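I have placed the structure first, in the form of structure tokens, so that the comments after it can refer back to it.
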Protein chains: 2
Amino acid sequence: MGVAERKAKEKEELRNLILQGARKLFVQKGIEQTTIRSIAEAIDYSIGTVYVYFKDKNAILHALHTQGFADLGGQFTVLFNVADPMERLKAMGRVYIRFALDNPDMYDLMFSIKAPMEYLNAVNEEWSEGKTAFNVLRTTVQQCMEAGHFKGHQLEPLTFMIWSLVHGMCSLEIGQRTKGVNLQDADGIVEQAFGEFLKILDTL
Amino acid sequence: MGVAERKAKEKEELRNLILQGARKLFVQKGIEQTTIRSIAEAIDYSIGTVYVYFKDKNAILHALHTQGFADLGGQFTVLFNVADPMERLKAMGRVYIRFALDNPDMYDLMFSIKAPMEYLNAVNEEWSEGKTAFNVLRTTVQQCMEAGHFKGHQLEPLTFMIWSLVHGMCSLEIGQRTKGVNLQDADGIVEQAFGEFLKILDTL
DNA sequence: ACGAATTTTGAACAATGTTCATTTTATGGG
DNA sequence: CCCATAAAATGAACATTGTTCAAAATTCGT
């Protein structure tokens, strides 16, 4: 079965090539400039070929969204070294924020844009990336609780609250809602606001 | 000058008619179904007429975004009755969340979608709606501080942090990031998480 | 070498935002 | 009432998008 194997590998390679081209365009030019035509042109294949390997544009965006979670997960690996769960929680926030502000379009795709979720609805699959990421956060919060923090709080709502806080800052910053609002020091507002959150965390 | 006045009034009326049609479509069908053609058809005018009254689609979306802020501001009027700033802050959060979840597309347009901000950049104007809304929140937080709360915190970063927290919950919910993540009680997660936030507020 | 299966192609379609020459309507003076 | 001028409204036309699919090109097995 040597031929079938090679063919399967070639299919996989071309799929990855398409994704690689799509990602390059996505990161460089943003989501609306990442057209099927531009992807096909970037890798010297025809439009139709893209549709052989991906059902539609949502499928491509979902695949990119998945790559984004792999990247973010990679950034999180440094946190394994932080033993104290509270310190790890804080560090997670910092890594998360840095990832979001360094990769604004990718972050939008992962946490705001509806296309990846529409793909999941269409193929009737679960959001496994989100589930996994949330589990990492929840486990850390749980360990904080086991260490005596967050007395009187419920695990899941609290976890979601913390996620929302950090996501909200990134979302507003990326969506350009901070520039027009803050009079003094609009630049560092995310870092400063996160600092306020850390102060509160120290009391819980 | 009776004629000129009447003409000006007619222009204003037609502008409002276009906006009314756009809003109806926007609320009913969402942003991507709100096309220039569908707007024109809904009010029995031609495509070209829409472009006489609005520079482009971003201008229409910005006008709708402004209407959204007027609506949200209207919802906030009930808060004038709440004398205690801390109670008012909590009530603001509830009103904000209800507005967001009741008007998801409008909320997206106001706080996530880039089109209104791109319009502002194009015409070189400020985001006055955002400024005003943020001022309302900041004033309330300041009054909380004057009443002895939030010791050791900075006003603007803290205000932005609170905004981010509430916005983040709404953004994740509207962006369908909650459904796929939470095992138990995905429905009420926003309310529950906000409840956790209120518990924390009571200690500050 | 050749028929069959697989892969790739790109023309074609529908829908979108946008432009602008043309048509229609309104205005006001003779 | 007429008609020249201005203002307003029109919709055909263009560029670009996602998407489809019959045809062409390539590869495979015998």
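Naming convention: chains lettered A, B, ... in sequence-line order (proteins, then strands); numbering from 1 in each chain. Keep in mind that what you see is a predicted model, and the values were worked out from it rather than measured.
One interatomic measurement links the two molecules: CD1 of B:I43 to C1' of D:dA9, which rounds to 12 Å at whole-angstrom precision. In this structure, A:K11 atom NZ and D:dT27 atom C1' are separated by 14 Å, rounded to whole Å. Summarising the geometry, the separation between CD1 on A:I39 and P on D:dT16 is reported as 17 Å, rounded to the nearest angstrom. The nearest whole Å value for the distance from the CD atom in A:E118 to the P atom in D:dG18 is 14 Å.
Not counting sequence neighbours, the partners of A:E196 by the salt bridge (charged side-chain N to carboxylate O under 4.0 Å, His left out) test are A:K199. Every residue meeting the salt bridge (charged side-chain N to carboxylate O under 4.0 Å, His left out) condition with B:E126, not counting sequence neighbours, appears here in chain and number order: B:K131. With sequence neighbours excluded, the residues satisfying side-chain contact (heavy atoms from CB on, under 4.5 Å) with A:D108 are A:S112, A:I113, A:I174, B:K114. Remark: A:T49 pairs with A:L14, A:Y45, A:S46, A:Y53 by the side-chain contact (heavy atoms from CB on, under 4.5 Å) rule, at least two apart or across chains.
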Exercise for review: Assign a letter to each nucleotide of nucleotides 9-22 of chain C from its 5' end: B, base within under 4.0 Å of a protein heavy atom; S, sugar-phosphate only; -, no contact.
Suggested key: BB-B---BBBB---
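Within the nucleic acid shown, B:F54 has no heavy atom closer than 4.0 Å to any nucleic acid atom. Counting non-hydrogen atoms under 4.0 angstrom, A:L14 reaches the backbone sugars and phosphates but no base.
For the side-chain hydrogen bond (donor to acceptor under 3.5 Å, both in side chains) condition, the pairs that include at least one residue of residues 71-84 of chain A, sequence neighbours left out, are A:R23-A:D71.
No more than 12 heavy-atom neighbours from other residues, nucleotides or ligands sit within 6.0 angstrom of CZ on A:R98.
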